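Note sheet for the following structure.
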Amino acid sequence: MTLGIDIDFAAIMRTFSAESDEIISEMEQAAVALESQPQDDKLLEIIFRGAHTLKGNAGSLGLARVAEFTHALEDLLQRFRNGALAVTRQGISLLLRCIDALREMLPAAIAGTAELQAEHAVLLKQLATSVADAIQPQFHRALQTESKAGRMADGEGAGRRSEDAAMPERSGTIRVDIQKLDRMLNLAGEITIAQGRLRQVLEDKTRVGKDALEAQAHLERLSLDMQEQVMKIRMVPVGPIFRHYNRTVREIALAAGKEARLVIEGEEAEIDLSVVEHLKDPLTHMIRNAIDHGIETPEKRRSAGKDPCGLLLLKALHEGGSIVIQLIDDGAGLNLQRIITCAKEKGVVPEPEKLPDQLLYRLIFEPGFSTAQAITDLSGRGVGMDVVRRNIEALRGSVTVDSEPGKGTRLNIRLPLTLAIIDGFGVGVGEETLILPLHSVCECLTLPADERGSEVGQGVINLRGEPLPYVRLRQWLGLSGPCPARENIVVVASEQMKAGFAVDVLYGPRQTVIKPLGKQFRDLPGIAGSAILGNGRVALILDVPGLLRGVIRVSGKFGNGPDTAKFFEPAI
């Protein structure tokens with residue numbers, strides 16, 4: 001008798017792929033740790049157990065080549081386990097190359113490709129014929145030349161798949177279809193919009209009754225609860241993402257002829273899954289820059305009385321509604337004189353030697369700015385740190401830098417916990433409503449009488465004895481209509497920048513559901529997104545850092561007020 005059982009092999013393969021990604025990531029992290037702890041048998045067991053699980057799963061699904069490769073990998077691991085082979089740098093490099101090969105061949109095998117790629121077949125043959133020969137230095141050099149160091153210099157390699165970086169640890173977790181989560185989040189946003197419109201209608205018609213207002217308040221509480229639950233589902237710890245960079249640090253240091261190790265703090269801090277997906281490239285650029293420009297060679301570190309192996313600290317912590325990620329190195333620090341020289345050569349700012357140190361440090365984020373003496377595989381083209389700032393600001397975040405010569409550099413990234421809903425501050429200009437991120441707003445005040453009624457788009461006011469440059473958003477954004485009799489100033493701060501925006505009306509704080517702009521509006525300077533108001537109209541969400549830089553770039557000076565350097569007053 002035949003049982004009519006329908007088996008969804010596509011679903012089985014998706015599950016196998018997800019589980020394999022987790023196993024390979026765990027094997028990779030254990031292999032990197034094994035290099036500095038060669039006597040730790042538990043790390044070897046993690047790698048061996050992962051290879052054995054992959055072999056069994058691949059064999060049961062008919063992926064013969066993957067099963068054959070993992071069997072050969074088990075032979076290598078067994079020699080490490082019984083002491084026949086010592087755990088050396090060459091051995092770890094071979095082990096990592098095998099793990100990379102597994103990561104590359106699994107998608108092809110799942111897609112139906114039966115044969116191995118040429119480089120994987122060569123690696124398998126080496127493992128199968130003579131494991132000892134495979135760990136000889138000449139073979140190690142061939143493997144390195146083949147791909148690894150070059151890929152790491154380009155920001156690829158270990159943990160290069162965003163799915164890997166976004167995957168939380170399996171213990172105590174369940175898998176949820178991301179499309180379902182996105183739908184729930186979108187629904188929560190629509191509920192927020194609907195209840196806002198309902199409240200406006202009810203408040204305009206107060207005779208509808210107290211019961212209706214109470215029912216609306218209950219709906220609002222339920223909506224907030226739903227949003228909170230959805231946010232919690234989307235939050236993942238940063239630990240698994242950070243641990244991928246152990247491999248990145250190792251490979252970049254090898255390519256640069258240096259020694260470096262990564263220390264991680266704050267692994268339990270959580271962040272929205274959508275933020276994680278966009279964080280990999282900026283962190284890779286930052287780590288690459290820290291090793292290439294910051295960490296000295298072992299010889300120089302010894303002569304300076306430092307540990308020959310450089311230290312990178314990757315740290316995460318929550319501050320209010322934001323997550324702060326810090327990358328700290330104990331290298332040589334930023335070369336201020338070199339920054340000044342480059343600024344003069346490129347004409348970034350006039351008289352850079354007169355700028356305070358903090359403003360000079362910020363120049364490393366300018367497009368095309370590089371202090372490297374020569375172009376190498378790792379740096380010198382002036383694109384790395386510019387990419388960092390651009391990607392972080394695309395997430396509505398900010399990045400700052402601080403450095404001490406001879407002691408190291410600290411990069412600080414501040415990001416919102418979620419990209420879906422923000423605490424905003426509403427302002428009115430003419431008939432338009434604009435939203436400023438609340439965390440950027442320092443204070444509000446009335447524009448002095450002698451500054452009102454002017455059609456000039458910018459000026460400077462006295463704020464408790466300090467000059468504060470300001471711009472009228474009406475003129476800057478090209479909005480029509482005359483200035484009102486009374487204007488207000490919203491003082492905003494971002495990174496080391498502080499300025500004022502002159503507006504007509506202050507609407508105050510409000511929770512804002514962010515809606516993406518259409519393709520034709522995506523690259524508008526100074527605009528980060530849009531929101532639907534209670535009356536159904538669209539309000540633009542302003543990109544404060546981009547807006548400030550755009551004003552400075554176009555204006556240079558504000559009338560007879562302070563120059564660009566004075567505009568960059570440190571934010572309080």
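Values in this document were obtained by computation on a predicted structure and should not be read as measured data. Sequential numbering from 1 along the given sequence is applied to the chain's residues.
- Minimum heavy-atom separation, Pro237 to Glu267: CB-O, 3.6 Å.
- Shown here are the side chain to side chain contact (heavy atoms under 4.5 Å, CB included) partners of Glu115, two or more places apart in sequence or in another chain: Arg65.
- Under the side chain to side chain contact (heavy atoms under 4.5 Å, CB included) criterion, Asp41 pairs with no residue at all, not counting sequence neighbours.
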side-chain contact (heavy atoms from CB on, under 4.5 Å) evaluation trace for Leu542 with Ile527:
CA-CA 5 Å; Leu542 299 184; Ile527 306 299; 3.7 Å; yes
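- Atoms CD1 and CG, on Ile12 and Asn57 in that order, are 11.5 Å from each other to the nearest 0.5 Å.
- Contact check on Asp386 versus Arg390 returns a salt bridge, with a Lys/Arg side-chain nitrogen under 4.0 Å from an Asp/Glu carboxylate oxygen.
- Listed by chain and number, the residues in a side-chain hydrogen bond (donor to acceptor under 3.5 Å, both in side chains) with Thr409 are Ser403 (sequence neighbours excluded).
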Any chance you could lay out the side-chain contact (heavy atoms from CB on, under 4.5 Å) test for Asn82 and Gln78, step after step, and finish with the verdict?
CA-CA 6 Å; Asn82 60 26; Gln78 185 60 42; 4.1 Å; yes
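- Atom CD1 of residue Ile47 and atom CZ of residue Phe80 lie 8.5 Å apart, to the nearest 0.5 angstrom.
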Full working for side-chain contact (heavy atoms from CB on, under 4.5 Å) between Val538 and Ile532
CA-CA 5 Å; Val538 175; Ile532 308 297; 4.1 Å; yes
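- Nearest heavy-atom pair, Ala316 versus Ile323, reported as atom, atom and distance to 0.1 Å: CB-CD1, 4.4 Å.
- Taking Asn412 as the reference, Gln326 meet the side-chain hydrogen bond (donor to acceptor under 3.5 Å, both in side chains) condition, with sequence neighbours excluded.
- With sequence neighbours left out, Glu296 forms a salt bridge (charged side-chain N to carboxylate O under 4.0 Å, His left out) with Arg301, Lys306.
- Note that the CE atom of Met27 and the CD1 atom of Ile24 stand 7.0 Å from one another [nearest 0.5 Å].
- With sequence neighbours excluded, the residues forming a salt bridge (charged side-chain N to carboxylate O under 4.0 Å, His left out) with Lys55 are Glu74, listed by chain and number.
- For the pair Thr70 (side chain) and Val66 (backbone), a donor-acceptor distance under 3.5 Å is present.
- Between Leu254 atom CG and Ser93 atom OG the span is 6.0 Å, to the nearest 0.5 Å.
- Glu45 meets the salt bridge (charged side-chain N to carboxylate O under 4.0 Å, His left out) test with Arg81; sequence neighbours excluded.
- Residues satisfying the side chain to side chain contact (heavy atoms under 4.5 Å, CB included) test with Ser36, not counting sequence neighbours, are none.
- Under the side chain to side chain contact (heavy atoms under 4.5 Å, CB included) criterion, Val32 pairs with Leu96, Asn246, Arg247, sequence neighbours left out.
- Applying the side-chain hydrogen bond (donor to acceptor under 3.5 Å, both in side chains) rule to Glu270 yields no partners; only residues at least two apart in sequence or on another chain are considered.
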Yes or no on side-chain contact (heavy atoms from CB on, under 4.5 Å) for Leu279 and Ile325, after CA distance, side-chain angles and deciding distance?
CA-CA 10 Å; Leu279 197 56; Ile325 297 173; 3.4 Å; yes
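- For Arg49, there are no salt bridge (charged side-chain N to carboxylate O under 4.0 Å, His left out) partners at least two apart in sequence or on another chain.
- A distance-only check finds a donor-acceptor pair linking the side chain of Lys258 to the backbone of Asp292 [under 3.5 Å].
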